Amino acid sequence: MTPVTTIQHLSDHVGHDVELQGWVYNTRSSGKLGFLMIRDGTGIVQGVVSSQGVPAEVFAAFETLTQESAITVRGEVREDQRAPGGYEILVSDLEVHQIAEDYPISPKEHGTAFLMDHRHLWLRSRRQHAIMLIRHEVIRACRDFLDSNDFVLVDTPIITPNAVEGTTTLFELEYFGRSAYLTQSGQLYNEANAMALRKVYCFGPTFRAEKSKTRRHLTEFWMVEPEIAYCDLECNIGWAEELVAYIVRRILETRMEQLKVLERDVGRLEVIKTPFPRVSYTEAVDILHKAGVEFEWGGDFGGSDETVISEQYDQPLIVHRFPAAIKAFYMKRDPEDERLVLGVDILAPEGYGEIVGGGQREDDLQVLVQRLEEEDLPREVYEWYLDLRRFGTVPHSGFGMGIERVVAWITGVQHLRETIPYPRTLTRLEP
RNA sequence: UGGGCCGUAGCAUAACUGGCAAUGCACCCGGCUGUUAACCGGAAGACUGGUGGUUCGACUCCACCCGGCCCAGCCA
């Protein structure tokens with residue numbers, strides 16, 4: 001009985017017969033010598049089919065194979081310098097489960113619109129496979145880091161009755177005769193959960209109906225949001241930078257092969273270490289001025305501003321203490337400067353933009369009520385949230401980290417749409 | 001929602017100043033016992049996104065429509 005294995009474990013079987021279950025990635029042939037690239041979901045390996053070494057019907061079966069046909073092959077694992085990857089299978093038996101019809105994605109170049117229309121098939125390609133493995137590892141690293149530091153996963157609702165930040169566009173849905181919205185952040189619920197369980201996080205999909213058409217935006221994306229009771233801005237920054245550094249370290253430890261497939265310059269990742277450089281918003285404005293960028297204190301940074309600022313460093317950059325006017329109502333005022341709030345963003349290097357946003361929350365009932373009024377937000381729907389300031393209010397902080405932006409930065413891909421299996425954007429709902 | 005660009009064979013591109021729509025890949029047929037996105041030979045495949053206009057003649061110029069991409073705003 002030939003043991004079944006997977007391509008990622010082939011090196012354990014050199015010199016022995018194995019069985020692989022997979023799909024045809026590509027075929028080549030030199031007359032009576034056939035080369036068969038086999039893909040099995042864990043990797044790609046070359047199979048060699050010799051007309052002299054196999055029964056005639058096996059070689060005939062090889063000749064019928066098309067791209068993405070489903071097959072089982074058996075044969076001896078060999079180490080061979082001529083094989084891509086260094087290992088190959090000397091095929092002795094080939095079982096065809098299905099001959100695939102004309103596969104739309106050829107090994108040559110395609111446009112992104114075409115590939116996105118075939119996203120369900122594009123995921124089989126080497127590059128997308130590598131991105132998905134890294135995405136998985138980024139998510140696992142987030143969970144491992146938080147779990148091992150005594151954070152409790154407490155889920156927050158996807159369907160919500162009102163906006164977290166009134167101004168942002170929400171996806172509205174009909175909920176048994178009344179309006180409801182898809183969540184754009186679990187934060188307000190996180191704050192309640194932190195008062196119950198001290199250190200918590202939520203991890204789930206987030207929805208923004210913004211009409212943004214840039215490579216940095218999706219309408220549906222995944223976010224991990226930690227929230228910590230008895231934690232000020234400094235404490236919050238510490239958690240955020242340790243999380244980011246942990247993720248980078250983990251990917252370098254476990255996914256070097258995938259980073260190679262993506263031709264990522266890993267030197268840019270290997271230098272990442274805490275503490276990250278910090279600048280206040282006001283210092284960041286100075287950086288812009290010194291770089292010759294026209295920018296008025298009080299405004300929000302645009303994508304190109306962020307790039308100019310973060311390019312001064314080879315580390316993720318922590319920007320803190322923003323003007324209150326450009327941040328949400330729940331951000332705590334800076335006791336040392338009333339114009340500012342205790343917010344923090346982390347900008348990824350190499351122009352990948354904001355990967356983390358958060359801050360210390362306003363814990364004073366009167367100030368919070370006043371901020372709601374200033375923002376013209378309906379107080380009734382926030383009554384439960386205000387309860388958190390009536391019953392044992394304490395300093396607390398939290399942040400959200402966008403998974404796709406982190407994956408884009410680590411993998412070095414240009415567009416967020418390749419970092420999620422089925423991207424949802426302004427112009428794309430299928431497949 | 002503004003600004004810019006683009007729609008040509010299944011895919012990726014070309015066609016100069018308005019004059020017979022071309023090349024590569026994929027598919028099909030044939031050749032090749034070490035290929036590396038193999039290679040060599042052959043065949044097939046297009047009302048050039050839509051509607052109208054200018055012209056002897058439109059892939060090419062003009063108007064409108066449809067679809068997409070990039071940039072900006074907003075954000076993670």
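Chain letters run A, B, ... following the sequence lines, proteins first, then strands; residues in each count from 1. Not measured: the values here are computed from a predicted model. These values consider heavy atoms only, across backbone and side chains, with no hydrogens, waters or symmetry-generated copies.
Residue-level contact check: A:Gly302 touches the backbone only, with heavy atoms under 4.0 Å from sugar-phosphate atoms and none from bases. A:Arg428 comes within contact range of no nucleotide atom at all, as no heavy-atom separation falls under 4.0 Å.
Which of B:C27, B:C70, B:A76 sits closest to the side chain of A:His415 comes down to B:C70. With distances taken from any side-chain atom of A:Ser29 to the nucleotides B:C75, B:A37, B:C32, the minimum falls on B:C32. For A:Phe35, whose side chain is taken as the heavy atoms from C-beta onward, the closest listed nucleotide among B:C70, B:A76, B:U35 is B:U35. You'll find that the side chain of A:Val48 is closest to B:G34, out of B:G34, B:C32, B:A37. Taking every side-chain heavy atom of A:Thr214 into account, B:G73 is the closest of B:C70, B:G73, B:A76. Side chain of A:Met223, nearest nucleotide from B:C69, B:A76, B:C27: B:A76. Out of B:G34, B:C69, B:A76, the shortest distance to the side chain of A:His217 is found at B:A76. Here B:U35 is the nucleotide among B:A76, B:U35, B:C27 with the atom lying nearest to any side-chain atom of A:Gln46.
Against RNA chain B, the stretch residues 81-100 of chain A makes heavy-atom approaches under 4.0 Å through A:Arg82, A:Ala83, A:Pro84, A:Glu88.
Below 30°, between 30° and 60°, or above 60°: for A:Phe62 and A:Phe59 the angle between ring planes is between 30° and 60°, a tilted geometry.
Judged by atom type and distance alone, A:Ser212 does not reach the base of B:C75 through any side-chain donor-acceptor pair under 3.5 Å. In this model, a side-chain donor or acceptor of A:Arg405 finds a partner on the base of B:C75 within 3.5 Å.
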Expected rows: protein N/O vs nucleotides 8-11 of chain B N/O, under 3.5 Å:
from  : atom 1 : to       : atom 2 : distance (Å)
B:C11 : O2'    : A:Glu109 : O      : 3.4
B:C11 : O2'    : A:His110 : ND1    : 2.4

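Contact check, A:Arg215 against B:C71: a side-chain N or O comes under 4.0 Å of OP1 or OP2.
Comparing B:C61 with B:U48, their P atoms sit 16 Å apart, to the nearest whole Å.
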